[in-house]
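Please read these numbers as outputs of a predicted model, since none were measured by experiment. In what follows, every chain begins at residue 1, and chains take the letters A, B, ... in the order their sequences are listed. The figures that follow rest on heavy atoms only: side chains count, while hydrogens, waters and symmetry mates do not.
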Amino acid sequence: MIRTHTAGSLRKEHTGQQVTLAGWVARRRDHGGVVFIDLRDASGVAQVVFREEDHAHDLRAEYCVKVVGEVRRRPAGNENPDLPTGEIEVVASEVEVLSESAPLPFPIESRVDVSEEVRLKYRYLDIRRQQIANAMRIRSKATYLTNEVMNELGFVYVETPTLTRSTPEGARDFLVPVRLQPGNWYALPQSPQLFKQLLQVAGLERYYQLAKCYRDEDLRADRQPEFTQIDIEMSFVDQEDVIEVAERLVARLWKEIAGYELPTPLPRLTYAEAMARYGSDKPDLRFGQELVDMTEYFSATSFRVFQAEYVGAVVMPGGASQTRKELDAWQEWARSRGAKGLAYVLVQQDGTLGGPVAKNLSDTELSGLAAKVGAQPGDAIFFAAGLPNPSRDLLGAARLEIGRRCGLIDESQWSFLWVVDAPMFEPVHDEVGREIGWTAVHHPFTGPKPEWADTFQDNPGQALAYAYDMVCNGNEIGGGSIRIHRAEMQQRVFDVLGISKEEAETKFGFLLEAFKYGPPPHGGIAFGFDRICALLAGGESIRDVIAFPKTASGYDPLTGAPTPITPEQRKEAGVDARPKA
RNA sequence: GGUCCUGUAGAGCAGUUUGGAGUGCUCGCCACCCUGUCAAGGUGGAGGUCGCGGGUUCAAGUCCCGUCAGGACCGCCA
């Protein structure tokens, strides 16, 4: 090594030692006769002092330098208690510029926000910033811990192919042309789902992998076209076994990285309960404002809007003092989510009820309303009425918006839970809204809960899946299920989904074939590793914990990918080859 | 596919409502001064395709149309 010490490790115990440091010029404070340089390397920062004969005047921000000097205690009164190395400084006797830096496209040592686009274009500079570097280290630590825990629990790490077969279900595939077989295409895996089940047939019993997954769908703040899952599958288990492994993994990650003791076993909500109380299948339990079911309360109402299959309410504390403009903005907000609007009643300070909806309600309805929904004087009550699912979705979204706007969410808190007993199927609608069949909520290999094993096909809308999602602070961070391992049951699921024997054979034939050879009962779970890291790093976006992320249009500002290909590449790749009929 | 927000010097912004000279702020950059700073300080200076194209107008950063890029959301993501 061209250095003898790292900058951030120097302490007063090193006083008197001759050291050689190597790193970057983080800051320069030039007083003419004396120049201070904050020298940064991966370990931290140390102050280097230059006297006028040392030519430090020409050093600039982010020059890469080697410095030889003597560690000494800072003169009394000049210590910096804010720095770990603040008791000492290095008096430079020699400085060598290892490489110069052009003027920076954005400041590295500063707190100002820089647009993400510029940061991503110069991501290598962005990662020099402490916050991003820290996020990278947190992710690294999470990777090590995951491997540690899974190893301790006896799991076998298996890598599965990233050039594989296109699966017509689910998300859009990224496709890769195959030069050796023009007209045929690989797909990048949306997840290793089928492989991990095959590994159960293979008898490995406990499989895991940090798996890259690829989905060609529109992006969001928490979605990238390529992302990483902690993928886990186990044989001879039921739901409790998978949940226990999942909790041990997550508990270790949060304990070692966030210093948080996971309160295991985690609380559980059924899907139905989560939807009824929070209007979400991934409720954020860090605040209250639960939904109130008002269907019964308004069962005899003469107000047309509330003569609906479902009427629900959510309370906004202090919401009665909103201006007309703010209340109109809520309507606009609801319409932007596809709703007709968001009915509201304002509870005035004297307890009387105001707002356009109030005059449509009877005296009886008005008199008990505030008490029924738990509203105090000064609050606003929002209502949604109509079909249960979209109404609850709207109220659930309103609840989150209320939580954010009213500052009800304690950001220092962690809230974990399981959401279990999700429906197995949901109806498929045609263009005019008629139900024309069923689709799997999870995927077609998800088993029914034991009590639905024999009857799910008779009542697909009611049947519950043997599935579980882990939720943290309103984010689904992992989800899994107990799989179907019997051909007979799988066939009944395909029947419900309207998948013919021939179709199933074409799409999943290799899995069904494998299941002829003594498949063990099995189940598993997959965690969104990027989201977990983002939560642990305290970031808003998973882009913060991905070294080289892409923008919302799938563009990489650094490399410029994706790019056009040359006619030669196009020809050779066989992109335009006609498949044999 | 849809809705909304944003685009002005290397970075972060103001200016756009009510059209009138590229008008301004903070940081950075360059030169000089400065021996105890740590977001150092001081003096001076450079730096602009107001995203791009078109239109209206005597005149457009500002108004209109289109387009591109970034962000957020809906659809989508088994």
Side chain of [X] - closest among [options]:
{"X": "Glu217(A)", "options": "C77(B), U37(B), A11(B)", "answer": "C77(B)"}
{"X": "Glu117(A)", "options": "C38(B), G70(B), G36(B)", "answer": "G70(B)"}
{"X": "Ala171(A)", "options": "G36(B), A72(B), C77(B)", "answer": "C77(B)"}
{"X": "Asn78(A)", "options": "U37(B), G71(B), A11(B)", "answer": "U37(B)"}

Pair up each side-chain donor or acceptor in residues 545-554 of chain A with any protein partner under 3.5 Å, not counting sequence neighbours, and list the distances.
unit_1: Lys550(A); atom_1: NZ; unit_2: Glu226(A); atom_2: OE2; d: 2.9
unit_1: Thr551(A); atom_1: OG1; unit_2: Ser553(A); atom_2: N; d: 3.4
unit_1: Thr551(A); atom_1: OG1; unit_2: Ser553(A); atom_2: OG; d: 3.3
unit_1: Thr551(A); atom_1: OG1; unit_2: Tyr555(A); atom_2: N; d: 3.4
unit_1: Thr551(A); atom_1: OG1; unit_2: Tyr555(A); atom_2: O; d: 3.4

Under 4.0 angstrom, heavy atoms only, what part of the nucleic acid is [X] near: base, sugar-phosphate, or nothing?
{"X": "Pro105(A)", "answer": "sugar-phosphate"}
{"X": "Glu62(A)", "answer": "nothing"}
{"X": "Gln224(A)", "answer": "nothing"}
{"X": "Pro444(A)", "answer": "base"}
{"X": "Gln47(A)", "answer": "base"}

Pairs in or reaching into residues 537-546 of chain A: which pass side-chain hydrogen bond (donor to acceptor under 3.5 Å, both in side chains), with residues at least two apart or in two chains? Glu116(A)-Arg543(A)
Taking only residues two or more places apart in sequence, or in another chain, which ones meet Asp222(A) in a side chain to side chain donor-acceptor pair (under 3.5 Å)?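 Result, side chain to side chain donor-acceptor pair (under 3.5 Å) vs Asp222(A): none returned.
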Under the side chain to side chain donor-acceptor pair (under 3.5 Å) test, which residues partner Trp438(A), sequence neighbours left out? none
Within this structure, what is the [atom1]-to-[atom2] distance between [X] and [N], rounded to whole angstrom?
{"X": "Leu120(A)", "N": "A69(B)", "atom1": "CG", "atom2": "C1'", "result": "13 Å"}
{"X": "Trp333(A)", "N": "A72(B)", "atom1": "CH2", "atom2": "P", "result": "18 Å"}
{"X": "Ile37(A)", "N": "G36(B)", "atom1": "CD1", "atom2": "C1'", "result": "14 Å"}
{"X": "Asp281(A)", "N": "C77(B)", "atom1": "CG", "atom2": "P", "result": "14 Å"}
{"X": "Gln130(A)", "N": "A39(B)", "atom1": "CD", "atom2": "P", "result": "14 Å"}

For [N], does either OP1 or OP2 sit under 4.0 Å from a side-chain N or O belonging to [X]?
{"X": "Ser115(A)", "N": "G12(B)", "value": "yes"}
{"X": "Arg29(A)", "N": "A40(B)", "value": "yes"}
{"X": "Arg337(A)", "N": "C74(B)", "value": "yes"}

Using nucleotides 24-26 of chain B, report all nitrogen or oxygen pairs with the protein that are shorter than 3.5 Å.
none

Any side-chain donor-acceptor pair under 3.5 Å between Asp41(A) and Thr6(A)? no
Assess the residue pair Trp330(A) and Tyr344(A) against the criterion (ring-ring contact (aromatic ring centres under 6.0 Å, His included)); give the C-alpha distance rounded to whole Å, side-chain angles, the decisive distance to 0.1 Å, and a yes or no. CA-CA 10 Å; Trp330(A) 276 104; Tyr344(A) 61 89; 9.5 Å; no
For the rings on Tyr63(A) and Trp24(A), is their centre-to-centre separation under 6.0 Å? no
Between the protein and nucleotides 1-9 of chain B, which nitrogen or oxygen pairs come in under 3.5 angstrom?
unit_1: G1(B); atom_1: O6; unit_2: Asp218(A); atom_2: OD2; d: 3.1

Contact residues, residues 189-198 of chain A to RNA chain B [heavy atom, < 4.0 Å]: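 Of all residues in residues 189-198 of chain A, the ones placing a heavy atom under 4.0 Å from RNA chain B are Ser191(A), Gln193(A).
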Taking only heavy atoms on the protein side, list every residue of residues 541-555 of chain A lying under 4.0 Å from any atom of RNA chain B, sorted numerically. Arg543(A), Thr551(A), Ala552(A), Ser553(A), Tyr555(A)
Can we say Lys449(A) and Asp421(A) salt-bridge, meaning some charged N sits less than 4.0 Å from an Asp/Glu carboxylate O?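 Counted as a salt bridge, because a side-chain N and a carboxylate O are separated by less than 4.0 Å.
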Is any N or O donor-acceptor pair between the side chain of Arg223(A) and the base of C77(B) shorter than 3.5 Å? yes
Could you work out, with side chain to side chain contact (heavy atoms under 4.5 Å, CB included) as the rule, every residue matching Val68(A), not counting sequence neighbours? Gln18(A), Thr20(A), Ser93(A), Glu94(A)
Provide the full list of salt bridge (Lys or Arg N to Asp or Glu O under 4.0 Å) pairs with a residue in residues 333-342 of chain A, sequence neighbours left out, each pair given once.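 Residue pairs with at least one partner in residues 333-342 of chain A: Glu332(A)-Arg335(A).
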Any strand counts, and the cut-off is 3.5 Å on both contacts for Watson-Crick or G-U wobble. Which nucleotide pairs with [N]?
{"N": "U16(B)", "answer": "none"}
{"N": "U3(B)", "answer": "A72(B)"}
{"N": "A9(B)", "answer": "none"}

Mind checking whether Phe508(A) and Phe494(A) have parallel, tilted or perpendicular rings, split at 30° and 60°? parallel
Where along nucleotides 28-35 of chain B does protein come under 4.0 Å, by heavy atom, of base (B) or sugar-phosphate alone (S), with - for untouched nucleotides? --SSS-BB
Short heteroatom pairs, N/O only, protein and nucleotides 13-15 of chain B, under 3.5 Å:
none

